[in-house]
Amino acid sequence: GDSVTQMEGPVTLSEEAFLTINCTYTATGYPSLFWYVQYPGEGLQLLLKATKADDKGSNKGFEATYRKETTSFHLEKGSVQVSDSAVYFCALSSGGTSYGKLTFGQGTILTVHP
Amino acid sequence: DAGVTQSPTHLIKTRGQQVTLRCSPKSGHDTVSWYQQALGQGPQFIFQYYEEEERQRGNFPDRFSGHQFPNYSSELNVNALLLGDSALYLCASSLFGAGDTIYFGEGSWLTVV
């Protein structure tokens, strides 16, 4: 079945540091890939997505590239801010009969200090 | 443009009781899915409703049931509550066949005591 594995956290960085959160997946077919962010006490917000191999999703300075050969979708940001502190979830959707169903990783807690 | 709205935001129930959670999808969306997010975990898919029918179901027991109304809103019902049902329940909406962009509500925090 489908699965998503995220790097174990939590991750603690100083402001303006470079961020990488690793994500790898197992899926049938050609899934769409997503990063969602969850701020304290809130629901999930879509951060970015990519729907086919070599696509790069980007938003708010965050980027992730769909790498089919390594089944990865790592999240990066060049310079993090305190306001980026949140939980980040990598997810996939296989489409087909699983259309609209997301499979999530376990989440990575990011804390950014001033 | 209203996003996905859920109610109630917080509730406390006793073991063995039943609970109903409600969701209104984002305007223009016709598909509703429900997820359970235990503390410190990623969300787990419960089921999906489209055209008032359950279309997909995750690995959850029959105690979890749902309904979708003609206006696309949805309810999640959980019977015979267990302590392990304590979690954040998230509603997600999308437009069937229009791609994989899925929007989530703020969630309903359920505590079972």
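All values reported here derive from a predicted model rather than from experimental measurement. Only this structure's heavy atoms are used, side chains among them; waters, hydrogens and symmetry mates stay out. Quick note on labels: first sequence line is chain A, next is B, and so on, each numbered from 1.
- To the nearest 0.5 Å, the span separating OH on A:Tyr36 from CG on B:Leu90 amounts to 11.0 Å.
- In this structure, B:Arg63 places its CZ atom where more than 12 heavy-atom neighbours from other residues, nucleotides or ligands lie under 6.0 Å away.
- Taken to the nearest 0.5 Å, the OG1 atom of A:Thr103 stands 9.0 Å off from the CZ atom of B:Phe45.
- Atom CZ in B:Phe104 sits 9.5 Å away from atom CD in A:Gln38 (nearest 0.5 Å).
- Only the side chain of B:Gln37 comes within less than 4.5 Å of a heavy atom of chain A; its backbone N, CA, C and O stay farther away.
- The two residues B:Gln48 and A:Lys101 make their nearest non-hydrogen contact at NE2-N, 4.2 Å.
- Looking at A:Lys49 and B:Thr101, their side chains do bring a donor and an acceptor atom within 3.5 Å of each other.
- For CG of B:Leu39, the number of neighbouring non-hydrogen atoms (other residues, nucleotides, ligands) closer than 6.0 Å is 12 at most.
- The local environment of CG in B:Asn59 is sparse, with at most 12 non-hydrogen atoms from other residues, nucleotides or ligands closer than 6.0 Å.
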**Prompt:** Would A:Leu102 and B:Ile102 count as a side-chain contact (heavy atoms from CB on, under 4.5 Å) if you check the C-alpha gap in whole Å, the side-chain angles of each, and the deciding distance to 0.1 Å?
**Reply:** CA-CA 9 Å; A:Leu102 291 170; B:Ile102 298 170; 3.7 Å; yes
**Item:** Stepwise side-chain contact (heavy atoms from CB on, under 4.5 Å) check, A:Leu44 with B:Tyr35
**Value:** CA-CA 11 Å; A:Leu44 295 170; B:Tyr35 292 78; over 6 Å; no
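- The distance from atom CD of A:Gln106 to atom CD of B:Gln41, rounded to the nearest 0.5 Å, is 8.0 Å.
- Remark: B:Tyr49 engages B:Phe47, B:Glu54, B:Gln68 in a side chain to side chain contact (heavy atoms under 4.5 Å, CB included) (not counting sequence neighbours).
- The number of heavy-atom neighbours closer than 6.0 Å to OH of A:Tyr30, taken from other residues, nucleotides and ligands shown, is 12 or below.
- Proximity to chain A (any heavy atom under 4.5 Å) is shown, for B:Thr31, by neither the backbone nor the side chain.
- Ranked by non-hydrogen atom pairs under 4.5 Å with chain A, the options B:Ala92, B:Cys91, B:Pro43, B:Gly40 are led by B:Pro43.
- Note: the hydrophobic cluster containing B:Tyr103 does not contain A:Leu47 (ILVMFWY, side chain heavy atoms under 4.5 Å, direct or indirect links).
- Around atom CD of A:Glu76, more than 12 heavy atoms belonging to other residues, nucleotides or ligands sit under 6.0 Å away.
- Open room surrounds CD on A:Glu16; 12 or fewer heavy atoms of other groups in view lie less than 6.0 Å from it.
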